[in-house]
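What follows is a set of notes on a single structure, which appears directly below.
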There are 2 protein chains.
Amino acid sequence: MTKLQDVAEIAGVSTATVSRTMNNPELVDPATRSKVEKVIHSVGYTRNETARSLALSSTRTIGILADTFSSPYFTTILDETIKFLQRHNYFAIVEITGNLPGQIDEHKQQLAWQSLISRRVDAIIILSVIAETALLDSLIKEFPASVVMSQAFDKNNLPCITFDDRASGRIAAQYLLEKGHTQIAMLTGPERKVDSSERTLGFIEELAKHGIELPTLNLCSGNYTILGGQKAMQTLLDSSAKFTAVFAQNDHMALGAITTCHKAGVEIPNDLSFVGHDDSEFARVSLPNLTSIRQPLKNMSQAAATFAMNLSKKNLNEALLPEPQIHFQPELVERDSVKELC
Amino acid sequence: MTKLQDVAEIAGVSTATVSRTMNNPELVDPATRSKVEKVIHSVGYTRNETARSLALSSTRTIGILADTFSSPYFTTILDETIKFLQRHNYFAIVEITGNLPGQIDEHKQQLAWQSLISRRVDAIIILSVIAETALLDSLIKEFPASVVMSQAFDKNNLPCITFDDRASGRIAAQYLLEKGHTQIAMLTGPERKVDSSERTLGFIEELAKHGIELPTLNLCSGNYTILGGQKAMQTLLDSSAKFTAVFAQNDHMALGAITTCHKAGVEIPNDLSFVGHDDSEFARVSLPNLTSIRQPLKNMSQAAATFAMNLSKKNLNEALLPEPQIHFQPELVERDSVKELC
DNA sequence: TGTTCCAATGTAAGCGCTTACATTAGCCGT
DNA sequence: ACGGCTAATGTAAGCGCTTACATTGGAACA
């Protein structure tokens with residue numbers, strides 16, 4: 001593999017000059033510059049980013065910590081974040097913990113974290129939900145150039161892109177109430193996930209505001225997965241719970257639940273109404289099309305990426321950093337899965 | 001950030017000894033070893049992988065070239081590949097070209113490629129479909145430690161994990177014929193994608209074997225996307241084409257097409273039968289559940305990862321390398337979307 | 001007691017870049 | 001003609017590791 005020195009020798013200049021024509025072209029004479037560039041192309045030189053990182057003590061790389069690729073939620077964020085970073089000449093390396101939605105293995109998270117640190121990323125974006133605030137705290141203390149995404153983390157004033165999950169719950173409740181539903185069931189996510197518990201909270205709050213109570217019987221966890229949604233729905237149907245509508249805390253569970261209903265002869269939305277969450281691609285192809293609550297993932301991703309890049313330029317004036325806490329709001333996307341009760 | 005030298009000084013040994021306790025513990029006295037390890041933990045030292053890579057001229061990193069994260073096909077492969085690599089103490093960095101299924105921007109592919117090279121990955125797994133064999137050829141010539149995944153590349157004897165797309169086409173045709181269908185439509189993928197054209201070929205071949213011809217009118221491209229599937233189905237329905245069954249070359253298009261049918265009052269499978277491809281998670285939640293053709297993605301991913309790791313250990317005897325070409329076969333997964341015609 | 005040998009450790013070069021500092025050469029004004 | 005200035009280039013140290021080679025101090029043996 002050709003190195004900078006080879007280029008220098010062929011072009012008859014010093015390594016410094018070659019380096020400069022790549023990084024600070026304005027410092028080198030146009031004639032030598034074009035001579036060097038010609039050599040670079042002709043020998044097909046590609047700079048060794050490893051060596052460069054070492055010399056610069058900066059990798060121009062943002063680490064991303066996620067649980068898995070097999071969730072449209074993560075992949076959308078990853079796609080947007082990485083595209084955005086690329087556009088700004090940053091690298092991204094993503095480390096996955098391999099945790100499934102329901103289970104949270106702190107050890108795996110630690111390992112993934114270590115791996116990012118050992119590669120000396122300039123900043124880290126944390127997507128993976130870290131349940132124990134204490135752990136999150138200690139991780140961030142160890143590596144302060146971190147931005148936490150979509151996990152409420154208010155206490156400390158740390159960089160943090162959040163989504164108002166509680167508002168999601170409220171909006172779902174409001175909407176169903178408007179449509180005349182008062183008996184409602186809810187498919188929740190994994191218990192330890194803050195986003196799920198927040199949605200639950202907002203939902204219950206809003207119902208309570210209207211004097212309606214949600215029986216525990218009407219609550220069932222589906223672990224954010226399709227299969228979980230199917231099982232949870234079955235449990236709900238088998239129970240004595242009474243409901244005319246279901247709020248599924250993500251679209252996956254809604255999809256699963258809908259198939260269960262279909263098999264059980266329950267017609268959507270005539271017999272039962274559905275509201276999902278995330279407005280995933282599949283909300284548009286379910287039968288009927290699923291009314292869902294949208295997270296502005298693209299904007300959130302870009303905000304996180306921007307933040308991470310700023311964080312990596314430590315020399316930058318602290319004042320230039322955006323507000324450490326950026327909040328995003330949910331938005332209802334109305335489709336055909338909710339029936340208006342008279 | 002603490003460095004190896006700091007650890008050495010605190011422990012009162014040389015840097016070599018510290019390095020050895022991490023990489024060749026058997027070379028150092030148990031007493032000093034434990035002393036050093038204690039220091040490492042107490043100061044929270046994390047080795048600088050950048051410097052290590054430079055010293056070793058090896059990054060223990062496999063590069064993966066993919067088009068996007070937002071496709072279950074890619075994400076499944078990525079998930080499996082990366083988990084497997086992690087388990088073997090390899091890093092993975094994935095570079096995405098940002099190409100949508102239909103469009104292939106060779107420039108973006110080149111850039112992504114360069115980026116991997118510049119980070120001196122030890123091997124590259126190519127998922128992204130590179131249409132121009134010439135380009136693929138030249139890339140691999142430039143960096144021979146590459147393994148191509150699921151793209152037929154027979155001519156040269158290059159490392160290559162392939163899936164028998166033509167067999168997929170044949171199986172779909174056979175199955176539909178068995179069920180009594182003779183008038184069939186097909187939703188194809190992007191034109192330039194080899195996997196799509198192979199499926200098409202296999203399908204037509206098999207029909208021809210039974211003396212059945214597929215009218216051009218019954219063919220429509222849906223670009224492998226949900227939306228494309230919807231549109232293509234609409235086109236098909238609006239045309240004068242006659243068919244009792246549809247082979248959608250991936251599940252996404254099938255899902256889209258099914259919603260279009262639903263809106264048009266066409267009932268599945270009573271009025272129209274469907275066979276999809278990929279056996280994605282969603283095949284199990286569509287209504288009706290989608291009969292689909294499975295690719296053994298997990299096995300394929302692991303094969304690719306194994307290959308890449310071997311390729312990276314160049315010192316290894318060439319003889320130890322597995323057969324350069326590993327082929328995988330499709331498998332039909334029967335569900336409820338095909339009706340038997342009497 | 002004097003060799004020999006080996007296990008444990010240290011020394012220092014080198015991986016391929018960047019960049020502060022040194023050097024050179026051409027230009028200006030006096 | 002000469003000192004001073006500037007633009008262009010070169011020199012070499014250093015980024016944080018690994019490892020070939022050198023060194024040391026016993027243990028083993030005659």
Side-chain angles (χ1 to χ4, degrees), chain A residues 1-37 39-40 43-61 89 91 114-115 117-122 314-315, chain B residues 1-37 39-40 43-61 89 91 114-115 117-122 314-315:
Chain A
M1 196 129 254
T2 48
K3 51 192 184 184
L4 193 131
Q5 209 183 98
D6 302 332
V7 175
E9 275 164 21
I10 297 177
V13 297
S14 72
T15 59
T17 301
V18 179
S19 175
R20 279 193 282 255
T21 88
M22 301 187 75
N23 305 311
N24 302 87
E26 71 279 6
L27 294 182
V28 9
D29 186 86
T32 30
R33 191 196 310 168
S34 78
K35 184 174 60 183
V36 171
E37 279 166 351
V39 175
I40 288 180
V43 302
Y45 168 73
T46 307
R47 116 190 337 147
N48 183 330
E49 210 60 54
T50 304
R52 183 162 203 251
S53 296
L54 185 58
L56 290 175
S57 332
S58 153
T59 52
R60 284 191 76 78
T61 299
N89 277 315
F91 297 110
Q114 281 309 321
S115 166
I117 300 279
S118 75
R119 313 195 45 207
R120 295 296 186 271
V121 293
D122 291 341
K314 266 302 178 41
N315 49 338
Chain B
M1 194 129 256
T2 47
K3 51 192 184 185
L4 193 130
Q5 210 184 96
D6 302 330
V7 175
E9 275 163 22
I10 297 176
V13 297
S14 73
T15 58
T17 301
V18 179
S19 175
R20 278 192 283 253
T21 89
M22 303 187 74
N23 304 312
N24 302 89
E26 71 279 6
L27 293 183
V28 10
D29 186 86
T32 30
R33 193 196 309 168
S34 78
K35 183 174 60 179
V36 171
E37 279 166 353
V39 175
I40 288 180
V43 302
Y45 170 72
T46 308
R47 104 177 5 134
N48 183 330
E49 210 59 55
T50 305
R52 182 161 204 251
S53 296
L54 185 58
L56 290 174
S57 330
S58 153
T59 53
R60 284 191 77 78
T61 300
N89 276 316
F91 296 109
Q114 282 307 322
S115 167
I117 300 278
S118 76
R119 310 188 58 198
R120 296 297 186 270
V121 293
D122 292 341
K314 265 303 179 36
N315 48 336

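For clarity, every value in this text was computed on a predicted model and none was experimentally measured. Within every chain, numbering begins at 1; the chains are lettered A, B, ... in the order of the sequence lines, protein sequences first and strands thereafter.
Considering only residues two or more places apart in sequence or on other chains, Thr17(B) meets the side chain to side chain contact (heavy atoms under 4.5 Å, CB included) condition with Val13(B), Ser14(B), Arg20(B), Thr21(B). Listed by chain and residue number, Thr46(A), Glu142(B) satisfy the side chain to side chain contact (heavy atoms under 4.5 Å, CB included) test with Gln114(B) (two or more places apart in sequence, or in another chain). Under the side chain to side chain contact (heavy atoms under 4.5 Å, CB included) criterion, Thr61(B) pairs with Arg119(A), Thr59(B), Phe91(B), Ile93(B), Val121(B), not counting sequence neighbours. By the side chain to side chain contact (heavy atoms under 4.5 Å, CB included) test, Asn24(A) is found to be paired with Glu26(A), Leu27(A), residues two or more places apart in sequence or in another chain being considered. For Thr32(B), there are no side-chain hydrogen bond (donor to acceptor under 3.5 Å, both in side chains) partners, not counting sequence neighbours.
From one end of the helix from dT1(C)-dA30(D) to dT30(C)-dA1(D) to the other, with five pairs defining each end axis, the axis direction shifts by 50° (rounded to 10°).
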Would you be so kind as to tabulate the donor-acceptor pairs closer than 3.5 Å made by side chains of residues 1-12 of chain A, with sequence neighbours excluded?
{"from": "Asp6(A)", "atom 1": "OD2", "to": "Lys3(A)", "atom 2": "N", "distance (Å)": "2.9"}

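Counting only residues at least two apart or on different chains, the salt bridge (charged side-chain N to carboxylate O under 4.0 Å, His left out) pairs with a member in residues 44-60 of chain A are Glu49(A)-Arg52(A).
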Atom pairs under 3.5 Å: protein N/O with N/O of nucleotides 26-28 of chain D:
none

Dump the pairs, protein N or O against N or O of nucleotides 5-9 of chain D, anything under 3.5 Å, distances to one decimal.
{"from": "dT9(D)", "atom 1": "OP1", "to": "Thr32(A)", "atom 2": "OG1", "distance (Å)": "3.0"}
{"from": "dT9(D)", "atom 1": "OP2", "to": "Asp29(A)", "atom 2": "N", "distance (Å)": "2.9"}
{"from": "dT9(D)", "atom 1": "OP2", "to": "Thr32(A)", "atom 2": "OG1", "distance (Å)": "3.1"}

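In terms of position along DNA chain C, the nucleotide closest to Ala16(B) lies nearer the 5' end than the nucleotide closest to the other residue of the pair Ala16(B) and Arg120(B).
Taking 4.0 Å as the cutoff to heavy atoms of chain B, we find the contact window on DNA chain C bounded by dA8(C) to dG16(C).
Screening Ser53(A), Ser58(A), Ser57(A) for a side chain to side chain donor-acceptor pair (under 3.5 Å) with Asp122(A), the sole residue that qualifies is Ser58(A).
Side-chain contact check for Asn23(B) versus Ser19(B): some heavy-atom pair is nearer than 4.5 Å.
Taken to the nearest 0.5 Å, the CG atom of Asn48(B) stands 11.5 Å off from the CD1 atom of Ile117(A).
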Applying side-chain contact (heavy atoms from CB on, under 4.5 Å) to Ile40(A) and Met22(A), what does each step give before you reach the verdict? CA-CA 10 Å; Ile40(A) 288 180; Met22(A) 301 187 75; 4.0 Å; yes
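Sorted by residue number, the members of residues 54-61 of chain B with any non-hydrogen atom under 4.0 Å from DNA chain D read Ala55(B), Leu56(B).
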